[in-house]
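A quick write-up on the structure given underneath.
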There are 2 protein chains.
Amino acid sequence: MFSKACKYAINSMVFLATLPEGQERAGLKEIAFAANSPEAFTAKILRTLVRENLLLSIKGPNGGFEISDEGRKTPLYRIVQVIDGDSIFKGCALGLQECSEKHPCSVHHKFKAIRDHLTGMMMTTTLQDMALSINTGVSFLKT
Amino acid sequence: MFSKACKYAINSMVFLATLPEGQERAGLKEIAFAANSPEAFTAKILRTLVRENLLLSIKGPNGGFEISDEGRKTPLYRIVQVIDGDSIFKGCALGLQECSEKHPCSVHHKFKAIRDHLTGMMMTTTLQDMALSINTGVSFLKT
DNA sequence: AATTTAAAGGATAAATTTATCTTTTATTTT
DNA sequence: AAAATAAAAGATAAATTTATCCTTTAAATT
Ligand code: FES
Ligand code: FES
């Protein structure tokens, strides 16, 4: 469904979103541990998120990463789009170059309904929402 | 969503399912062309499907592949399961080792609904259904 | 200013997926 | 029986994704 890079990105962002006001900064090591992702690979992914202004990064002692205000409000959709592109939201299930009503594949109608449901869910679920669910003990970040 | 190998498998099977009674056999070349898939790679995938008894293969002159009766009735679900495994139907969206109600990730409830919808659709859509939709001109196999 | 800390950047490597090519085996036709 | 045909099998290669490592840059502390 999503690439590993994308899952690492989501889990890193959600972890940062769970941190309380005033101590929202975390270092790479801490993030990678919390997100269950390999450190160096995570670093690379975080830089992408920084470039997208979803994260702030601070160098030097006591440096690290913070989720930006924008990042906190960001829907899950955006993370997936940034890391994996939007083929999962737009592409044909069976590999036709274009998914369209005009030239549909043999599962288009059934598949589109599901894909749109997924898209809607991803667009309306923010990292903040996910973090809250974790902070209230309803769900979990790690296995 | 699905791997290329999986899309090639589905499109090859659907193509074979579109062939009319009495001339249901096709060679690798014809199949690969119809399914828009690379020939040698397709050959490898077809062998997997033969091993699963979803296809029959005949060597020698006028040889080729035919969809088996079992294959014709097979739900799309089975092709995906054989080629990609069932992580798409069972796995956690965010990478937790187990997807479960007891230890859910932060999108579990929302995601599970969608995933189950997908699973249901894939279980109830047979290759025959897809082939019929193509044969009646409602949908298309190639771009 | 010098030292330490931690991210940025870039090079490299491992693993997996996708793709191709060559030889062997089975089958049909001559 | 010999030749031709087409899939099976296995080796190899290219491309992509995942992962690690090393040097540079920026910032805080001493
Ligand atoms: S054309 Fe295949 S999903 Fe729309
Ligand atoms: S635990 Fe993540 S989808 Fe079920």
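Quick note on labels: first sequence line is chain A, next is B, and so on, each numbered from 1. Heavy atoms only: backbone and side chains are in, while hydrogens, waters and symmetry mates are out.
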(Q) Can you tell me if Ser57(A) touches the phosphate of dA6(C), counting only side-chain N or O atoms and a distance under 4.0 Å to OP1 or OP2? (A) no

(Q) Within this structure, what is the CD-CG distance for the pair Glu39(B) and Leu28(B), rounded to the nearest 0.5 Å? (A) 4.5 Å

Q) Do Lys142(B)'s NZ or CZ and the ring of Phe15(B) fall within the cation-pi criteria of under 6.0 Å and 45°? A) no

Q) How long is the line joining CZ of Phe65(A) and C1' of dA26(D), in whole Å? A) 13 Å

Q. If you count the non-hydrogen atoms of other residues, nucleotides and ligands that lie under 6.0 Å from CZ in Phe33(A), is the total more than 12?
A. no

Q) Please give, in whole Å, the distance from dA6(C) C1' to Ile31(A) CD1? A) 12 Å

Q. Could you give the distance from CG (Leu76(B)) to CE (Met122(B)), rounded to the nearest 0.5 Å?
A. 4.0 Å

Are any protein N/O atoms closer than 3.5 Å to N/O atoms in nucleotides 26-30 of chain C? If there are, list each pair with its distance.
unit_1, atom_1, unit_2, atom_2, d
dA26(C), O4', Lys59(B), NZ, 3.1

Q: Would you give the length of the straight line joining atom CZ of Phe65(B) to atom OG of Ser12(B), rounded to the nearest 0.5 angstrom?
A: 9.0 Å

Q.
With nearest nucleotide decided by heavy atoms, which residue, Arg51(B) or Thr42(A), maps closer to the 5′ end of DNA chain D?
A. Arg51(B)

Q) For dA19(D), does either OP1 or OP2 sit under 4.0 Å from a side-chain N or O belonging to Tyr8(A)? A) yes

**Q.** From CZ (Arg25(B)) to CG (Asn62(B)), nearest 0.5 Å
**A.** 7.5 Å

(Q) Expressed as a whole number of angstroms, how long is the span from Glu39(B):CD to dT22(C):P? (A) 14 Å

Q.
Whole angstroms only, please: what is the CD1-P distance between Ile45(A) and dA19(D)?
A. 8 Å

Q: Give the rounded distance in Å between these two atoms: CZ of Arg25(A) and P of dA7(C).
A: 10 Å

Q. Stepwise, does the salt bridge (Lys or Arg N to Asp or Glu O under 4.0 Å) test hold for Arg78(B) with Glu70(B)?
A. CA-CA 11 Å; Arg78(B) 177 108 187 269; Glu70(B) 190 186 340; 3.2 Å; yes

**Q.** Salt bridge flag under 4.0 Å for residues Arg72(A) and Glu24(A)
**A.** yes

Q. Any salt bridge between Arg47(B) and Glu52(B), counting N to O under 4.0 Å?
A. no

**Q.** Interatomic distance, Leu49(B) CG vs dA7(D) P [rounded to whole Å]
**A.** 14 Å

Q: Round to the nearest Å and state the distance from Leu28(B) atom CG to dT5(D) atom P.
A: 16 Å

Show me the protein contacts with nucleotides 10-17 of chain C, counting only N or O atoms at under 3.5 Å.
unit_1, atom_1, unit_2, atom_2, d
dA11(C), N6, Lys44(A), NZ, 3.4

Q) Can you check the Leu46(B) CG to dA19(C) P distance for me, whole Å? A) 14 Å

